[in-house]
Asker: 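A single structure is presented below for examination.
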Amino acid sequence: MALRYKDTGNLHPDFHRLVNSTIKWVREHYGEEAVVEIFRRVAQDVYRSIHEDLKAGDPSQLIEHWRYYLDREGGEYTTEERPDGSYWMTVTRCPAYWFLHEKGVEIDADFRRQTILLNRFLGEGTPFEIVTEPITPGSYRQGIVPRGEAHS
Amino acid sequence: MIPSDHFVRFYNEVFKYLDSLGREHLLDYWREVGRHQAGLLAEDFRKGGFKAAYEYWSLIAHEENCDMDLRLEEDYFELKMNKCPSLSKAMDNDAGACEIYCDHCMAWIQIVMEKAGLHPAYDIESRVEPHCNLRIYKDPEKARAREKELRIPARPYEEFGPKKG
């Protein structure tokens, strides 16, 4: 599966710190709607290729994107494909959360919403609902569910 | 999760959103990033001078996969960026780059250096090609003299902020 963006080389994980502080600053100065709108643009404009594939009924680029970048940053996860056609990934170690936690950074209450909002807007206007279910700080489950299918 | 590799494209969307509200909103955000960076770096730069700058950007060159040359001279520290991964990613982006993307760099460096007692002169060189040149001086007169040689001097707060007088 070809990814539209496929980075290689070294990592600069300190960028997670700036995502954290930026989400907090935008919410405090421009409100919740601004945070939501920025993530809508990231999901549908930056990740246009993934969104277009989803609109066409193909979730494979999103699955590869999740796997590639979690592997690259040392994330841990399990996956499951269910008979109803849904695909689930349980992220047991989110690298962004744990990087900040181990650095002693105060993690904004909305930090995890980056994943929730990205997934929500990736699924918007497509045959899939992209679900995010927080488990604990630093772990969550995300699923690609054909619309109309119940999930649990 | 936004991969750290994709932070630049997220950051670029924040810039575009704030810029659409008015350039002063974007400058306010850059001031905030500058304060954030100053909290992390200014004291090291104040104490360590050019050597601290060299060490900081050596780490950045490694982690961000930059093609850059660093030089320590008696009068200045120089960062010659041959291929900037940040602008490269902002441009290799289905959402398109903020038209003054490059200026964010000087926007935080200026604030850090003011707190560190150092004086930057930054040549953007091009807003659509990923190369630039930064020199940091101890002597403000030498920084001002250098600025006269620059093709596209980066002075975001002066160029895009409220005009004095």
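Just so we're on the same page: letters track the sequence lines, and every chain starts at 1. Both backbone and side-chain heavy atoms feed into the values below; hydrogens, waters and symmetry mates do not.
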Asker: Let's test your reading of the structure: which of Leu118(A), Asp14(A), Thr22(A), Thr115(A) forms the most heavy-atom pairs below 4.5 Å with chain B?
Answerer: Thr22(A)
Asker: Determine, using the 4.5 Å side-chain heavy-atom cutoff (strictly less than), whether Tyr68(A) and Met89(A) are members of one ILVMFWY cluster.
Answerer: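 Yes, Tyr68(A) connects to Met89(A) through the hydrophobic network.
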Asker: What part of Asn65(B) is in contact with chain A, defined as an atom under 4.5 angstrom from a non-hydrogen atom: side chain, backbone, both or neither?
Answerer: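 Answer is side chain: those atoms of Asn65(B) sit under 4.5 Å from chain A.
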Asker: More than 12 foreign heavy atoms under 6.0 Å from CD of Glu73(B): is that the case here?
Answerer: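 Buried by this count: over 12 neighbours within 6.0 Å.
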Asker: Please classify the contact of Arg4(A) with chain B as side chain, backbone, both or neither, using a heavy-atom distance under 4.5 Å.
Answerer: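 For Arg4(A), the side chain is the part near chain B, not the backbone.
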Asker: Do you know which two heavy atoms are closest between Phe10(B) and Ile38(A), and how far apart they sit?
Answerer: CE1-CG2, 4.0 Å
Asker: Quick check on Leu11(A) against chain B: is it the side chain, the backbone, both or neither that has a heavy atom closer than 4.5 Å?
Answerer: both
Asker: Kindly compute the distance separating CG (Leu21(B)) from NE2 (His29(A)), expressed to the nearest 0.5 Å.
Answerer: 13.0 Å
Asker: CG/Asp5(B) to NE2/His12(A) distance, rounded to the nearest 0.5 angstrom?
Answerer: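 NE2 of His12(A) is found 11.0 Å from CG of Asp5(B).
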Asker: Rounded to the nearest 0.5 Å, how far apart are CG of Leu18(A) and CD of Glu32(B)?
Answerer: 10.0 Å
Asker: Decide whether Val131(A) and Ile144(A) are clustered together by the hydrophobic rule: side chain heavy atoms of Ile, Leu, Val, Met, Phe, Trp, Tyr closer than 4.5 Å, transitively.
Answerer: no
Asker: Checking heavy atoms, do the side chain of Tyr47(A), its backbone, both or neither come under 4.5 Å from chain B?
Answerer: side chain
Asker: With a 4.5 Å heavy-atom cut-off, do Trp25(A) and Val33(B) have their side chains touching?
Answerer: no
Asker: Please answer: with hydrophobic residues joined when any side-chain heavy atoms are less than 4.5 Å apart, are Leu100(A) and Leu40(B) in the same cluster?
Answerer: yes
Asker: Using non-hydrogen atoms and a 4.5 Å limit, figure out which bit of Glu37(A) sits close to chain B: side chain, backbone, both or neither.
Answerer: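 Answer is side chain: those atoms of Glu37(A) sit under 4.5 Å from chain B.
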Asker: Side chain, backbone, both or neither: which part of His65(A) has a non-hydrogen atom closer than 4.5 Å to chain B?
Answerer: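 It is the side chain, since no backbone atom gets that close.
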Asker: If you measure from the Lys or Arg side-chain nitrogens to the Asp or Glu carboxylate oxygens, is any gap between Arg9(B) and Asp45(A) under 4.0 Å?
Answerer: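 The answer is no: the pair does not qualify as a salt bridge.
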Asker: Against chain A, label Asp28(B) side chain, backbone, both or neither, depending on which of its atoms sit under 4.5 Å from a heavy atom there.
Answerer: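 Both parts, backbone and side chain.
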Asker: Going by atom types alone, do His6(B) and Asp7(A) pair a side-chain donor with an acceptor below 3.5 Å?
Answerer: yes
Asker: Using side-chain heavy atoms (C-beta onward) and a distance below 4.5 Å, is Val46(A) in contact with Asp94(B)?
Answerer: no
Asker: Given that the side chain runs from C-beta out, which part of Ile116(A) has a heavy atom under 4.5 Å from chain B: side chain, backbone, both or neither?
Answerer: neither
Asker: Heavy-atom cut-off 4.5 Å, strictly under: side chain, backbone, both or neither for Leu59(B) against chain A?
Answerer: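 Contact with chain A is absent: no heavy atom of Leu59(B) under 4.5 Å.
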Asker: Count I, L, V, M, F, W, Y as connected when their side-chain heavy atoms are under 4.5 Å apart, and connections chain through other members. Are Tyr54(B) and Val112(B) then in the same cluster?
Answerer: yes
Asker: According to a 4.5 Å side-chain heavy-atom criterion applied to Ile, Leu, Val, Met, Phe, Trp and Tyr, with indirect links allowed, do Phe45(B) and Ile60(B) form part of one hydrophobic cluster?
Answerer: yes
Asker: Do the side chain of Glu13(B) and the main chain of Arg41(A) share a donor and acceptor less than 3.5 angstrom apart?
Answerer: no
Asker: So what's closer than 4.5 Å to chain B heavy atoms on Ser49(A): side chain, backbone, both or neither?
Answerer: both
Asker: What distance do Arg35(B) atom CZ and Ser21(A) atom OG have between them, rounded to the nearest 0.5 Å?
Answerer: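 If I round to the nearest 0.5 Å, the distance is 11.5 Å.
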Asker: Could you check whether Phe15(A) and Tyr11(B) have their ring centres less than 6.0 Å apart?
Answerer: no
Asker: Given a strict heavy-atom distance threshold of 4.5 Å, which part of Tyr140(A) is in contact with chain B: side chain, backbone, both, or neither?
Answerer: side chain
Asker: Is there a side-chain hydrogen bond (donor to acceptor under 3.5 Å, both in side chains) between Tyr69(A) and Ser4(B)? Walk through the geometry before answering.
Answerer: CA-CA 9 Å; Tyr69(A) 283 102; Ser4(B) 57; over 6 Å; no
Asker: So what's closer than 4.5 Å to chain A heavy atoms on His62(B): side chain, backbone, both or neither?
Answerer: both
Asker: For residues Cys94(A) and Met1(B), report the shortest heavy-atom separation together with the two atoms involved.
Answerer: SG-SD, 4.2 Å
Asker: For Tyr30(A) and His25(B), I'd like to know if the aromatic rings sit close, meaning centre-to-centre distance below 6.0 Å.
Answerer: yes
Asker: Taking side chain as everything from C-beta outward and backbone as N, CA, C, O, which of these in Phe39(A) sits under 4.5 Å from a heavy atom of chain B? Side chain, backbone, both or neither.
Answerer: side chain
